[in-house]
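Data block below; observations after.
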Amino acid sequence: MTMTKSPLQVARAAYQPKMPVALQGQVSLKEGAKTQSVADQEAIEKLFPNTYGMPVIELVPQEGEAPAVAAFNVGVILSGGQAPGGHNVICGLFDALKRINPANKLYGFLGGPSGLVDGKYTELTADVIDEYRNTGGFDIIGSGRTKLEETWQFDNGIKVCQELGIKAVVIIGGDDSNTNACVLAEYYIQKNCGIQVIGCPKTIDGDLKNEMIETSFGFDTACKVYSELIGNIQRDANSAKKYWHFIRLMGRSASHIALECALQSQPNICLISEEVEAKAMNLNDIVEQIVEVIVARANAGLNFGTVLIPEGLIEFIPAMRVLIQELNDMLAHNEEFAALEGDDAKREYVKSMLTPASCELYRSLPKGIAKQLTLDRDPHGNVMVSQIETEKLLIEMVGKRLAQLKAAGSYKGKFSALNHFFGYEGRCAIPSNFDADYCYSLGATASYLIAAGKTGYMALVKNLTKPASEWVAGGVPVTMMMNMERRHGEMKPVIQKALVDLNGAPFQYLVAHRADWADPNMSYIYPGPIQYYGPSEVCDQPTRTLMLEQAGK
Ligand code: FBP
């Protein structure tokens with residue numbers, strides 16, 4: 001007979017996520033003091049007159065019987081890139097909705113935010129939910145990158161929700177999707193249509209975090225998968241002793257993933273984009289930094305090693321950023337460019353349109369990379385960094401520099417390099433216990449916020465380095481996390497993105513140890529695969545980033 005599920009899938013279906021004590025029985029809400037946005041208070045209050053200043057909420061155990069709640073329906077949306085644990089947010093949401101009132105219903109909007117606008121949905125019944133407990137992926141309802149930002153989309157959403165008797169929409173997404181969730185919440189209050197909107201912090205990139213949100217879900221699992229792979233490569237490198245591995249890691253702009261993987265595996269080199277920008281380094285500076293380590297190791301007879309590269313790196317090199325910005329502006333709705341046939345014609349066109357400095361940089365790049373910089377843009381008009389093979393660019397430049405040094409007699413090693421890109425390997429992995437528990441708790445939290453009539457909030461679960469029973473669940477007004485930023489030439493309210501903090505404990509740990517890790521006498525760490533069953537110190541550990549950040553608090 002054909003097997004339909006692996007033994008691990010079968011076992012995980014029965015896993016019961018651990019939850020904070022407050023979510024284990026009847027729940028009530030405790031409200032804190034009024035809040036303010038992190039910056040630009042006046043401008044944000046003006047834009048969000050109804051959802052600005054709301055208090056932070058903590059969920060606490062209910063003393064005595066909870067009051068009965070009339071039945072209601074909820075719609076849920078998965079927005080943007082996949083992140084391990086998304087299914088568990090939906091399972092936690094579903095189970096808590098049923099606990100609140102068994103007649104409550106959950107609808108899933110299909111294919112991301114466009115499902116709400118176009119009225120594409122499915123009812124998520126117990127049978128469906130049970131198939132997806134503790135699984136990776138977003139395939140239960142699919143995801144998408146359509147942005148909810150136009151009034152006609154919001155109005156369509158009202159019609160669809162009213163047809164289905166939906167009282168609240170839960171948007172599971174990153175900083176942009178949650179910003180838009182708040183705009184939607186505010187609009188629905190102004191329209192008095194009675195539809196609430198609650199967000200949940202998702203992204204493997206780890207850049208949706210702040211004073212209230214300790215980490216976004218998915219970051220833990222994705223980093224553990226990549227770290228396992230890096231550890232395996234390091235063991236191979238240490239055995240074969242013949243390759244330098246250049247490993248690019250997803251994460252869009254922020255370098256949190258590369259940093260976390262470095263903390264877990266101790267590579268010889270880990271580049272951090274935020275540091276490159278702060279030190280105004282150019283490509284040659286980065287190449288020199290890598291070459292120095294390669295030469296030192298070669299002098300000790302070691303012609304192998306590992307280099308971690310965050311995928312957003314090139315956008316943080318000041319001159320590259322200018323070039324990319326010029327390309328973004330030039331390529332926006334450019335039919336003339338689109339109509340050109342052949343790479344050479346496109347290359348000549350681009351060169352003729354750039355400023356002299358950018359043109360020189362563009363010409364100095366390997367042709368393949370230069371072409372990648374002119375590929376299609378994402379819906380925000382930005383270059384898709386996941387498609388730019390920075391690791392190949394660096395291998396080529398490092399190889400050239402080493403050849404020069406060899407000719408000059410100052411390098412006697414052998415440089416043979418392999419390139420890797422880890423991103424999709426981790427985005428849909430079976431969630432770690434941490435993400436399974438965290439996500440299930442986030443989903444349940446969203447249900448209780450909805451039952452209490454809240455809108456414009458993001459579900460939060462904190463105290464995450466403690467055992468799950470001691471976690472604290474609640475809600476933070478999305479406006480509290482906002483500031484004003486220039487987007488497409490206009491000032492817009494957005495949730496502040498968290499890049500790697502160069503004064504923060506995780507980066508400072510890297511700084512304190514990287515010379516050791518580059519040293520020929522250093523030893524790699526081999527994290528091994530995610531463990532789902534076994535001792536808690538093996539199975540339930542959060543990321544090193546979170547542990548180092550929380551240790552200082
Ligand atoms: P989100 O911010 O939407 O969670 O995206 C995460 C991410 O995996 C990035 O790390 C990566 O740059 C991007 O998605 C790639 O997206 P796509 O596969 O849609 O090109």
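Fair warning: this is a prediction, and the values are worked out from it, not measured in the lab. We count ligands from 1, going down the list as the structure has it; atoms in each ligand are counted the same way.
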Problem set entry | Geometric class of the Trp517/His513 ring pair [parallel <30°, tilted 30-60°, perpendicular >60°] | parallel
Exercise. For atom 18 (O) of ligand 1, what is the nearest protein heavy atom, given as residue, atom name and distance?
Worked result: Tyr424 OH, 2.7 Å
Exercise. Below 3.5 angstrom, do we get any N/O pair linking Gly81 and ligand 1?
Worked result: yes
Exercise. Could you walk me through whether Tyr362 and Glu326 pass the side-chain contact (heavy atoms from CB on, under 4.5 Å) check?
Worked result: CA-CA 11 Å; Tyr362 180 81; Glu326 284 183 31; over 6 Å; no
Exercise. For the side chain of Asp437 and the backbone of Lys18, is there at least one donor-acceptor N/O pair under 3.5 Å apart?
Worked result: yes
For this session: Using a 4.0 Å heavy-atom threshold (strictly under), name the region of Glu311 that reaches ligand 1: side chain, backbone, both or neither.
Result: side chain
Exercise. If we only count N/O pairs under 3.5 Å, is Thr203 in contact with ligand 1?
Worked result: yes
Exercise. Judged by atom type as modelled, is there a donor-acceptor pair below 3.5 Å linking the side chain of Glu311 to the main-chain atoms of Gly251?
Worked result: yes
Exercise. Considering only the protein, which heavy-atom contact is closest to atom 15 (C) of ligand 1, and what is its distance?
Worked result: Arg427 NH1, 3.7 Å
Exercise. Going by the angle between their ring planes, with limits at 30° and 60°, are Phe138 and His87 parallel, tilted or perpendicular?
Worked result: tilted
Exercise. What are the atoms of ligand 1, with element, lying closer than 4.0 Å to any heavy atom of Lys202?
Worked result: 1 (P), 3 (O), 4 (O)
Exercise. Between Asn483 and Asp40, do the side chains contain an N or O donor and an N or O acceptor separated by less than 3.5 Å?
Worked result: no
For this session: Answer yes or no: does an N/O atom from Gly251 fall short of 3.5 Å to an N/O atom of ligand 1?
Result: yes
For this session: Could you tell me which residues satisfy ring pair (Phe, Tyr, Trp, His ring centres under 6.0 Å) with Phe434, sequence neighbours excluded, listed by chain and number?
Result: Tyr438, Trp471
Exercise. Between the candidates Met250, Arg145, Arg252, Gln387, which shows the shortest non-hydrogen contact distance to atom 16 (O) of ligand 1?
Worked result: Arg145
Exercise. Which residue and non-hydrogen atom of the protein lie closest to atom 10 (O) of ligand 1, and at what distance in Å?
Worked result: Asp205 OD1, 2.6 Å
For this session: Run the numbers for me: atoms of ligand 1, each under 4.0 Å from some heavy atom of Gly80, listed by number.
Result: 3 (O)
